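What you see is a predicted model, and the numbers here were worked out from it, not measured in a lab. Every chain is numbered from 1, with letters handed out A, B, ... down the list of sequences.
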Amino acid sequence: MSTDTDIDTLVSREYAAGFTTSVESDTLPPGLDEDVIRFISSRKNEPEWLLEWRLAAYHRWLEMTPPEWAHIHHPPIDFNTVSYFSAPKSMADRPQSIDEVDPELLRTYEKLGIPLHEQAALAGVAVDAVFDSVSIGTTFRGKLKEAGVIFCSISEAVHEYPELIKEYLGSVVPQGDNFYAALNSAVFSDGSFVYIPKGVKCPMELSTYFRINEAKTGQFERTLIVAEEGSQVSYLEGCTAPMRDENQLHAAVVELVARKDAKIKYSTVQNWYPGDEQGRGGIYNFVTKRGVAHENAHISWTQVETGSAITWKYPSVILRGDNSVGEFYSVALTRGRQQADTGTKMIHLGKNTKSTIISKGISAGRSQNAYRGLVRISPRAEGARNFTQCDSLLIGDQCGAHTFPYIESRNPSATLEHEATTSKVSDDQLFLCRQRGIDTEKAVSMIVNGFCKEVFKELPMEFAVEAGKLLEVSLEGSVG
Amino acid sequence: MLEVRNLHASVDGKDILKGLTLTVKPGEVHAIMGPNGSGKSTLSNVLAGRPGYQITAGDVLYEGKPLAEMETEERARAGIFLAFQYPVEIPGVSNMEFLKASLEAVRSAQGKEPLDAVTLLRRAREACQHVNLDQQFLKRGVNEGFSGGEKKRNEIMQMMLLEPKLALLDETDSGLDIDALQVVAKGVNALRSPERAIVLVTHYQRLLDYIVPDHVHVLADGKIIKSGGKELALELEQKGYGWLTGEEESA
C-alpha cells in the first residue's frame, strides 16, 4: 500500500456545499460599462454621490491592470463575460422581515447549516446572509439595536445611515487601491455594515454568510465595520458556492476601523467551491481586507481558507495609533489544483505598536500554497515589534509550499522575529498512528489539526469546532 | 498465538529475513537477540505491518489468521502492539488526544464502548505513574520535545493502557540509563499475564536481567540460529555473537 495513492484518495473529496438553488432571479447580461454601474446604483436606489463614487472607481479601474506578482497562474480573466448583478426576483420588493423571504432561499441557508429564523439561529450569533448580490436578511436586529449596535446590509445602511457610510466607505481601502478593489468599488452589490458605538461591547457574535448561486455571476461584496472608542466586536464570515464548470469571480473588500481602545476580531471560514480534480471550475477569490487601528486599538484577523480555485488575499492592519496591536492567524489548505497566495501586511506607524503573524499552510494533491507577508516599520514607529511564524505542511510529493516574507524596517529600535518551518506528514507519523489502531484518514486529520492548533484557538469556540470539521472533510480521501 | 514459518521478508527490495521460524504462545516472553543488521527490527516491523516491509515467502499466523491479509491498523486493533525503537513526534496533537483516538479505535473493533472521559483520564494517569511519567506529559504533543528515555516510557505507558495481546518491544532498552531501564522493565513485568505474549527485541543482555524471558533466540543473517532458555542470553553476554555466527565481533 503506497502512501502516495493513499494521499491521492484523501485529497479527492466531494464538495459538500455544491448544490444550486432554483430561484428565479434578475441577472444582468455579462459585461461591464457605465450603464451597468448606473443600473446597479439605480436598482439600489442609491444617492447621487454614491453613483459618482462608483463611476470614479470604474474610471480608475479602466486604467489599471491586474496584478501579476502573485504565485498563481490562470488564463486572463475576461471581465466582460461576468455578470455584475444578480438578485433573486422575489427580492425586488424587499421583504420587511425574514418571514417574508422566499422559503426556497431560506432552505438554501438551512442546507448550509445557517438557520436564518431567529428562534433557530445559533444561540448568541446574529447572521446576515448574502445570496448572489443581495443581502436577504439579518437576524437579531432588535436585540442588537437595544445595545445601540447597527448590523445590517450595506445597501440599507446607505439609506439609513448615509453619514456613516459617506465618512467611512473607502476610508481604509480607497477606490483605486488595487485592481480588484477598484472593480469592487465600481460594482459592489451588497455586504454587511456594522457600527459599534462608543464603549459598547457587542452582546453577541456577528456573522455573515455569502453564497454565490447564479452561473457566470461575480460576487462583489463590501463589508464595513466601525468600532468606536473603547468598543468591542467579534465578526465571522463564511462563504460557499455551488459546483460549476466555469470559474466564478469573487472580489470583495472589507474595511475595519478600530478607534482608540477598540477591539475588532474578524474571523473567516472560506469554503468557496475549489474546482474539480482537474482544476475545472471553482471560484477566483481576489479579496482586499484591511483595518486601521487607532491608539491602543486591537485588530485581529483569523482565517481558515479551504476553498476557491485561486485565493489572493492579504488581510492587513495599519497600526496608526501608538500602542496599537495587529494580529493575523491563518490556516490555508489547498488540494487538487488549488492555488493560494495569501498572507498579510502589518504597517507599523505608531509608537510601540505590536503585530503577530501566525500562518499555517497545508498543501496536498497538486496544489500550490504561498505565504506572502509584509512587515513595514515606519521611521516614527519607535519600539515597534513583530513576531512572524510561517509553517508549511506538505501532504504527498506533488504539491508546493512557498514563503515570501518582506520586511522593511526604517526604525532601528524595532524588534522583528521571523520563524519558518516546512514539514511533511511523514510515513513514520502515519505508521505510529496506524500501529495504535487509528486509520490513515483519521491520522492525517489529527496531524493536520495538531499543526493548526495555534490558529484554531483564536477562533470563536463554535467556529473552532466547525473549522476542525471542515478541515477533516476537505482532507477526506487525500489519504486512505 | 503467533506462528512464524519460514518467513522471508524484504525492505525496499532488499532481502533481510531469510527463513525465520518462531512460535510464541500466550503467557510467554521471548527475547530475540542478535548482532546489528541481523534482522531483529525488521521482524518486529514486519509483524506490525510497517509499509515498505514485504513478506516475500513463508507464513505468519496470528491467532490462526494470516497476518499478511490484515492492514496495519487491523493488526493493532486485534491486539498487536509495537513499542517503537525511535518513537516519532506529532506536534500539536496531545498525548491524551492521541490515546483517546487509539483506545476508541481499538475498543470499537472489539465491540466495546469508548471509555468515558473520567475513566480514561484516571487510567491514563495510572499508566503514567507506572512508568514514572509526570501527568503533564498527557497534555504535551505526542513525543514532542521528549527526551529519548521519556519517549520510551511514553511507549510503555501507551502499552499499559491498550493492554495488547501480543507486545513487541523493539530495542526498548537502547539509550536508556539503568534507572529508566528498571522503570520500563517494571511496566513490562506488570503486563505479564497468562493471556499475553511479549517479544523483546534487543541487542544487549542487560534488559533481560529485569525482564526474565522464557525463551531466547539468536538471530543472524535473517534466521534464528540458536534457541534456548534464559541462560542462553548470559552465555551470549560472555562470549559475544561471534561465538555463534563465526564472525569476529566486539561486544
By number, which residues in [range] have some heavy atom less than 4.5 Å away from chain A?
range	result
residues 156-163 of chain B	B:Gln158, B:Leu162
residues 109-129 of chain B	none
residues 75-96 of chain B	B:Ala76, B:Arg77, B:Ile80, B:Phe81, B:Leu82, B:Phe84, B:Val88, B:Glu89, B:Ile90, B:Pro91, B:Gly92, B:Val93, B:Ser94

- Query: What do you reckon, is CZ of A:Arg385 surrounded by more than 12 foreign heavy atoms closer than 6.0 Å?
  - Reply: no
message = Take a 6.0 Å sphere around NZ of A:Lys354 and say whether it holds more than 12 heavy atoms from other residues, nucleotides or ligands.
response =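 No, not enclosed.
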So does A:Lys453 pair up with B:Glu97, basic N to acidic O under 4.0 Å? yes
Residues pairing under ring-ring contact (aromatic ring centres under 6.0 Å, His included) where one sits in residues 118-145 of chain B, two or more places apart or in two chains, turn out to be B:Phe137-B:Phe146
Quiz item: Where on A:Cys433 is there a heavy atom nearer than 4.5 Å to chain B: the side chain, the backbone, both, or neither?
Solution: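 Both parts, backbone and side chain.
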Please flag which part of A:Asp428 lies under 4.5 Å from any non-hydrogen atom of chain B: side chain, backbone, both or neither.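 Both parts, backbone and side chain.
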How far apart are the C-alpha atoms of B:Glu155 and A:Arg436, what are their side-chain angles, what is the distance that settles it, and do they pass the salt bridge (charged side-chain N to carboxylate O under 4.0 Å, His left out) test? CA-CA 11 Å; B:Glu155 290 290 282; A:Arg436 298 294 188 262; 2.6 Å; yes
Sub-4.5 Å side-chain heavy-atom contact between B:Asn143 and A:Leu432: yes
Close side-chain approach of B:Glu73 and A:Thr440, heavy atoms under 4.5 Å
yes
query = So, B:Thr72 side chain and A:Gln435 main chain: donor-acceptor pair closer than 3.5 Å or not?
reply = no
